Amino acid sequence: MPVKLLSCIDLQYWPTPGVLPVDVPLLDLRAQHAAIKDAVMSAVSSVIDRQQFIMGPEIQQLEAAVAGLSRTKHAIGCASGTDAILLPLKALDLKPGDEVITPAFTFFATAGTVHNAGGTPVFVDIEPDTFNVSPEAIEAAITPRTRAIIVVHLYGQMADMERVLAIASARGIPVIEDAAQAIGASRRMNGVSHMAGETGWAGTLSFFPSKNLGGWGDGGMILTQDDAVAERMRRLRLHGGMKTYYHDEVGTNSRLDTLQAAVLLAKLPYLAGWSAARRDKAAAYAERFRGLDEVRVPVTDPANEHIFHQYTLRVDRRDALQEHLRGRGIGCAVYYPLGLHLQPCFAHLGYQPGSLPVTEAAMQDVISLPVYPELSEAQLDAVVGAVRDFYN
Ligand SMILES: Cc1ncc(COP(=O)(O)O)c(C=O)c1O
């Protein structure tokens with residue numbers, strides 16, 4: 001049985017033990033671990049030998065390495081990808097009624113953090129081809145109360161940052177890049193390649209185990225070019241003070257564990273190869289799905305280098321296909337079945353079905369297939385064969 005994951009991973013595809021064979025799990029972390037076990041175990045065991053579990057040297061080493069990868073001046077480890085969004089939002093000192101614009105087609109944390117930082121999420125629609133937030137929709141949603149814009153680089157490709165940045169900077173609004181799904185993704189903007197998290201006021205990463213760079217538990221990181229923002233993030237993650245028992249402001253405990261940093265440091269050298277392998281799997285799927293009218297393969301914006309955190313199709317009769325794939329032991333998941341604007345916890349904001357039509361269409365027809373680097377040719381063929389059988 002593959003490893004079970006909670007939270008962002010859809011658990012629906014896990015079969016009842018002994019009832020169904022899982023031929024192709026949605027993600028196979030055991031295969032990844034088997035390939036790199038010695039490197040990770042030795043990194044972890046050196047932390048255990050040293051017994052420095054809080055703010056050990058691996059934190060700074062990882063921060064430096066991820067800042068280098070993301071081409072940011074600073075990278076600040078924190079407890080999760082959720083906290084990586086929450087802490088920058090806290091630094092904005094939002095007052096009741098302050099608005100933060102965010103797409104509705106994303107994981108809950110993108111907007112839950114806005115609420116938890118004291119602001120009001122303002123949900124906007126996405127582009128139908130990339131699933132990323134629409135710059136026009138952002139522009140139309142700006143009001144005098146807009147305090148920030150959150151852009152999500154969904155499924156592993158960057159949103160149209162240059163247009164968002166132009167809209168935001170003309171009005172002095174900070175942009176947070178939620179790059180939880182896009183570590184190492186890049187985009188050519190005005191002829192120059194930029195990394196996910198490089199050009200926003202702050203960028204955020206998640207090291208949730210299923211992410212392209214996943215830890216052995218929760219973890220996250222904040223990216224920024226701004227010295228003052230970095231200092232504030234370092235304080236906020238340590239109860240608001242850099243000197244033990246002295247607190248300049250009220251922060252929280254949101255440190256990245258040293259053990260997680262050691263795991264992530266050991267995995268980091270493999271990340272570029274893993275992302276390239278994911279791109280290869282995506283290309284192989286696109287080739288094999290050619291001519292199947294019921295299946296629309298993912299569209300990569302030509303300016304983007306995609307890291308395929310997810311390989312997400314748009315399909316006819318999605319729910320029936322999902323049932324069929326599960327019956328064949330093929331892992332698949334729907335990210336995301338209900339837009340955040342229609343979640344019961346945000347009902348008071350007054351969005352109705354029809355408010356965000358592109359998001360609502362995507363909710364009905366997206367399905368993500370296995371795309372991890374260790375996916376074999378035979379497994380990929382099994383996935384494609386099962387999809388083709390369904391439509392034939
Ligand atoms: C787009 C997005 N934002 C934020 C998060 C939150 O990250 P974490 O689970 O590490 O808190 C996730 C999922 O993990 C995500 O996919």
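Because the structure is a prediction, the values reported are computed rather than measured. Atoms considered below: every heavy atom in the structure, side chains included; atoms not considered: hydrogens, waters and symmetry mates.
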Without swapping roles, check the side chain of [X] against the backbone of [Y] for a donor-acceptor pair under 3.5 Å.
X	Y	result
S169	L165	yes
Q379	S376	yes
E162	N190	no
K281	Y372	no
S275	A272	no
Q225	K73	yes
E374	R30	no
E360	L356	yes
Y311	P298	no
Q51	I48	yes

Answer yes or no: is there an ion pair linking [X] with [Y], defined by an N-O contact shorter than 4.0 Å?
X	Y	value
D93	R232	yes
R187	D160	yes
D381	R388	no
D365	R314	yes
E323	R326	yes
R50	E58	yes
R328	D389	yes
R145	E99	no
R288	E377	yes

Which label fits F289 and Y285: parallel for a plane angle under 30°, tilted from 30 to 60°, or perpendicular past 60°?
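Aromatic pair F289/Y285 classed parallel.
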Nearest non-hydrogen partners of [X] and [Y], listed with the distance:
X	Y	result
R278	L27	NH2-CD1, 4.3 Å
D125	P357	OD2-N, 3.1 Å
W216	Q260	N-OE1, 2.7 Å
V133	A159	CG1-CB, 4.3 Å
A43	A262	CB-O, 3.7 Å
A179	L205	O-CD2, 3.5 Å

Side-chain heavy-atom pair [X], [Y] within 4.5 angstrom cut-off:
X	Y	result
L349	P121	yes
R317	E294	no
L92	W201	yes
T102	V122	no
I150	L89	yes
I176	I149	no
D248	R235	yes
I167	R171	yes

Heavy-atom count check: over 12 atoms from other residues, nucleotides or ligands less than 6.0 Å from [X] [atom1]?
X	atom1	value
R279	CZ	yes
E249	CD	yes
H324	NE2	yes
Q52	CD	yes

Verify whether one side chain among [X] and [Y] offers a donor that lies under 3.5 Å from an acceptor in the other.
X	Y	result
N132	E127	no
S368	T312	yes
D218	S80	no
E177	H153	yes
E63	H74	no

Working to the nearest 0.5 angstrom, can you tell me the gap between [X] [atom1] and [Y] [atom2]?
X	Y	atom1	atom2	value
T146	D98	OG1	CG	9.0 Å
L69	M195	CG	CE	4.5 Å
L236	L87	CG	CG	5.5 Å
I54	I59	CD1	CD1	8.5 Å
L94	R147	CG	CZ	5.5 Å

Go through it in stages, so that I can follow the logic: the residues are L213 and Y270, the test is side-chain contact (heavy atoms from CB on, under 4.5 Å), and I'd like the CA-CA distance, side-chain angles, deciding distance and then a yes or no.
CA-CA 9 Å; L213 181 66; Y270 300 94; over 6 Å; no
Checking H239 against V250 for the side-chain contact (heavy atoms from CB on, under 4.5 Å) test, could you report, in this order, the C-alpha distance in whole Å, the side-chain angles of both residues, the deciding distance, and whether it holds?
CA-CA 6 Å; H239 285 301; V250 179; over 6 Å; no
Given L325, which of V383, V24, I367, L26 fulfils the side-chain contact (heavy atoms from CB on, under 4.5 Å) condition?
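Output: one option passes, namely I367.
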Please evaluate residues H309 and Y155 with respect to the criterion ring-ring contact (aromatic ring centres under 6.0 Å, His included), reporting the C-alpha separation (whole Å), side-chain torsions for both, the decisive distance (0.1 Å), and the verdict.
CA-CA 5 Å; H309 173 59; Y155 299 151; 8.4 Å; no
Here's one to test your reading of the geometry: is the NZ or CZ of K243 within 45 degrees of the ring axis of Y246 and under 6.0 Å from its centre?
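Flagged: K243 positioned over aromatic ring of Y246.
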Do the ring centers of F108 and F346 come within less than 6.0 Å of each other?
yes
Could you give me the CA-CA distance, side-chain angles and deciding distance for E198 and L223, then say whether side-chain contact (heavy atoms from CB on, under 4.5 Å) is met?
CA-CA 7 Å; E198 181 186 344; L223 308 168; over 6 Å; no
The test is side-chain contact (heavy atoms from CB on, under 4.5 Å); show your working for R188 and H194 and say whether it passes.
CA-CA 6 Å; R188 251 186 349 277; H194 291 285; over 6 Å; no
